[in-house]
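Working notes for the structure below.
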Number of protein chains: 2
Amino acid sequence: MRPRIGLMQTDSAPRTEPITRPTLADVAARAGVSASTASLAFSGSGPVSDATKARVLAAASELGYAGPDPRGRSLRRGRSGIVGVVLEERVRAAFLDPVKIQTLDGITEGIAPLGAGLLLFTDTGEEGGNAVGIESAPVDAVVLIGCSPRLAHSVEALRRRGIPAVAIEGSAGEDILQISIDNRDATRRGAEYLRGLGHTEVALVTLPFDAARTRGPLTPELERGSTVDTASERLLGAREVFPHATGRVAATSSIEEGLEAGRALLADPATRPTAIIAQSDLLAAGVLQAADELGVAVPAELSVLGFDGIRVDGLQHDLTTLVQPSVAKGRAAGEAVVRLLAGEPPASVQFTSTLHIGDTTAPPAR
Amino acid sequence: MRPRIGLMQTDSAPRTEPITRPTLADVAARAGVSASTASLAFSGSGPVSDATKARVLAAASELGYAGPDPRGRSLRRGRSGIVGVVLEERVRAAFLDPVKIQTLDGITEGIAPLGAGLLLFTDTGEEGGNAVGIESAPVDAVVLIGCSPRLAHSVEALRRRGIPAVAIEGSAGEDILQISIDNRDATRRGAEYLRGLGHTEVALVTLPFDAARTRGPLTPELERGSTVDTASERLLGAREVFPHATGRVAATSSIEEGLEAGRALLADPATRPTAIIAQSDLLAAGVLQAADELGVAVPAELSVLGFDGIRVDGLQHDLTTLVQPSVAKGRAAGEAVVRLLAGEPPASVQFTSTLHIGDTTAPPAR
DNA sequence: GGCGCCACTCGAATCGATGCGGCCTAGAAT
DNA sequence: ATTCTAGGCCGCATCGATTCGAGTGGCGCC
């Protein structure tokens, strides 16, 4: 029996504008409706007459109200509309890798139906400080790209909090959904192709095996201490065909690193391999540059096999490589996130790579 | 609603775990302290005895509590610890541009003291749908990178909401802080250098002038309809020295686009320019490739000037270019964000580019 | 032994939005 | 004119964390 105030009693009195921004309640009061109604008018998820809605919108406009506060909304809804992406390195380094970019692009495609934003994190190892880590970020889900077991602690926090996670190319944990490719099998097929051509003296240029990104000769110690599945799997695939193959470890997937590794492997004509298996196209491109520098003819004197199937700008060769569906991988991860958030438990996905035969491989010269 | 259990009634009984996740209140109850104290124990922003803190942490661990919910925290604090970044194009396109990547990296450096995450947006134009636009995202501040006036509406919403914004290379609005470089003046200096060498027949390869990214000949219509400051300014700088210079417009800053433009400009030996001013290094690299293809010697028969000062992998030349501090630009933007959030009003910053003289420029052959 | 101080802890209010159940009223049908 | 119906609208409680002022215990000092 609350006395309804006279209709005509407008709050014409110029009340002092408070320092605080207007809230939905203010708008509702101004429009003469309840906060609930005003909320419905904005979210459109309930029956509100057009007249009322117009009145609310008008009040909002007069008050300079810019729409519901995303913070309050996400608290109430339990969803923030943000998906976290964890990269293993710092932003600059991560985005120099075309595969990562393509994957990221695929993710945006995959989560498009969510209309969610992408929040970038880097697995810098140092979780301390005031930094907003994965552990304490308002994300609805997380995609881990090539992440090391170092994240186990954070992943555990995600699990506790009930935040779904999807891992691309990395063993983040037992119960984490995996999106991967046939690293091992694909490399084996590539290696078999080289063997079929007649190669026996094969060297490797691998991706880094640990977070320290040690560069140098490929040693059993490094292999054993590997925390990077991608590198290990591709190595194992090559070893299935060339059990004693060895080579160099690059610090990162880049042309420069490939160049350096290529110089080391090709420097001595006496020990020079007839073929090099690089674990990424960028590394392969670097090896090709090294061969060019040293006057080693490709493919006559040296065959080079890559991995990824990216376009390397400025490369003169048509690289023989294992083409992997980077974008599709990202998209699958995005779609998996969507399903997880919808409550449907999706299955892990394994993509396959295809061998593209270009002009950087041929039978050995000897 | 939730029946609070008696004080001494230890919950040793394996009570059925509720479907809901534990909250700070649960932890506090378990630890036998008030919610306030538990909050202080986690945030560390108040005097809590070590014993109490340990008890709270133990209780949290037992309950599987993963720390304060970021949503509730950000609601109360009014800060989310997230900085939004608006890119003008889709993710894939944006990250193919080394300058953008460097800028982004600079931003992360700049906002490091905030410990904030980076939330990516793309200025796709379509704000509708359920998408989390800039207008309704839990961000503390926003950095606009090379954004078009199309964003005016969103920028207005930001202003209303009181969210600080910084613009890099783009006129987002009147009261938006600008971080820019001397696009016009730098290009003029580069052009003057070419004129000093004796060039008079100069062609341009420009960045796109509008969101449509029209590719083709540089027409007065396109110039007039420009919504991209960077392209316009660099064009004007060139025109100050070569008033009648014309050329081609690229659809994006990439080697491929530069290659295409280069082919068009160099195809006919009769009308071939003696120098080409490219508005980015990637475009310049493409032009160099086109020259190589067509057997045009650089710099003997053709001088090429770039802009950006990035390292282009696989480029044989030492490009003459205007080196801009991309990373510093991003860092300045990040630092500006920090200051804005701290309440200190910082000033707009204008960086200057320096002319790096490489081996792609020489006096004309004629 | 008493007084006062200090460090710590507690309770309540608050932030902004939203779901819920029930009440109201306008319009239609008889 | 009266009753029925259904679409709209309302108030309240709640989400989870934080802050502020009040309170309380213990302790030192006179």
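Every chain is numbered from 1 and lettered A, B, ... according to where its sequence line falls, protein lines coming before strand lines.
D:dC15 atom C1' lies 15 Å from atom CZ of A:Arg161, rounded to whole Å. Following rounding to the nearest Å, B:Arg21 (CZ) and D:dT14 (P) show an atom-to-atom distance of 20 Å. Atom CZ of A:Arg55 is separated from atom P of D:dG8 by 14 Å (rounded to the nearest Å). Atom pair B:Leu24:CG and C:dA12:P shows a separation of 17 Å (rounding to whole Å applied). Atoms CZ (B:Arg71) and P (C:dA17) sit 17 Å apart, rounded to a whole Å. Atom CG of B:Leu40 is separated from atom C1' of D:dA17 by 11 Å (rounded to the nearest Å). Atom CZ in B:Phe42 sits roughly 17 Å away from atom C1' in C:dT9 (whole-Å rounding). Distance B:Asp26 CG to D:dA17 C1': 13 Å, rounded to the nearest Å.
A:Ala38 comes within 4.0 angstrom of nothing in the nucleic acid, heavy atoms only. Among the protein residues, B:Ser39 comes within range of the nucleic acid bases, having at least one heavy atom under 4.0 Å from a base atom.
Side-chain N/O atoms of B:Tyr65 include one lying less than 4.0 angstrom from OP1 or OP2 on D:dA17. At D:dC12, none of the side-chain N or O atoms of A:Ser36 fall inside 4.0 Å of OP1 or OP2 (strictly under the cut-off). Applying the 4.0 Å criterion to OP1 and OP2 of D:dA17, one finds that B:Thr23 has a side-chain N or O inside that range. Between B:Ser43 and D:dT18 there is no side-chain polar atom (N or O) within less than 4.0 angstrom of OP1 or OP2. Applying the 4.0 Å criterion to OP1 and OP2 of C:dC8, one finds that B:Thr37 has every side-chain N and O outside that range. A close approach under 4.0 Å does not occur between any side-chain nitrogen or oxygen of A:Arg77 and OP1 or OP2 of C:dA17.
Comparing C:dT18, D:dT18, C:dT9 by their closest approach to the side chain of B:Arg73 singles out D:dT18. Among the nucleotides C:dC10, D:dG16, C:dA17, the one closest to any side-chain atom of A:Asp69 is C:dA17. The side chain of A:Leu75 lies closest to D:dC15, out of C:dT9, D:dA17, D:dC15.
Closest of all the heavy-atom pairs between B:Arg71 and A:Asp140 is NH1-OD1, 3.9 Å. The minimum heavy-atom distance between A:Ala141 and A:Ile163, with the atom names listed, is CA-CG2, 3.7 Å.
Side chain of B:Ser39 to backbone of B:Ala35: no donor-acceptor contact under 3.5 angstrom is found. Side-chain atoms of A:Arg161 come within 3.5 Å of backbone atoms of B:Gly67 as a donor-acceptor pair (strictly under, hydrogens ignored). The main-chain N or O of B:Leu341 is found under 3.5 Å from a side-chain atom of B:Arg79 such that the two form a donor-acceptor pair.
Between B:Gly72 and B:Thr52, the one whose closest nucleotide on DNA chain C sits nearer the 5' end is B:Thr52. If you find the closest nucleotide of DNA chain D to A:Val48 and to A:Ala35, the one lying nearer the 5' end belongs to A:Val48.
A donor N or O paired with an acceptor N or O is found under 3.5 Å between the base of C:dT14 and the side-chain atoms of B:Arg76.
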Apply the test side chain to side chain contact (heavy atoms under 4.5 Å, CB included) to residues B:Val56 and B:Val27: give CA-CA distance (whole Å), side-chain angles for both, the deciding distance (0.1 Å), then the verdict. CA-CA 7 Å; B:Val56 171; B:Val27 173; 4.0 Å; yes

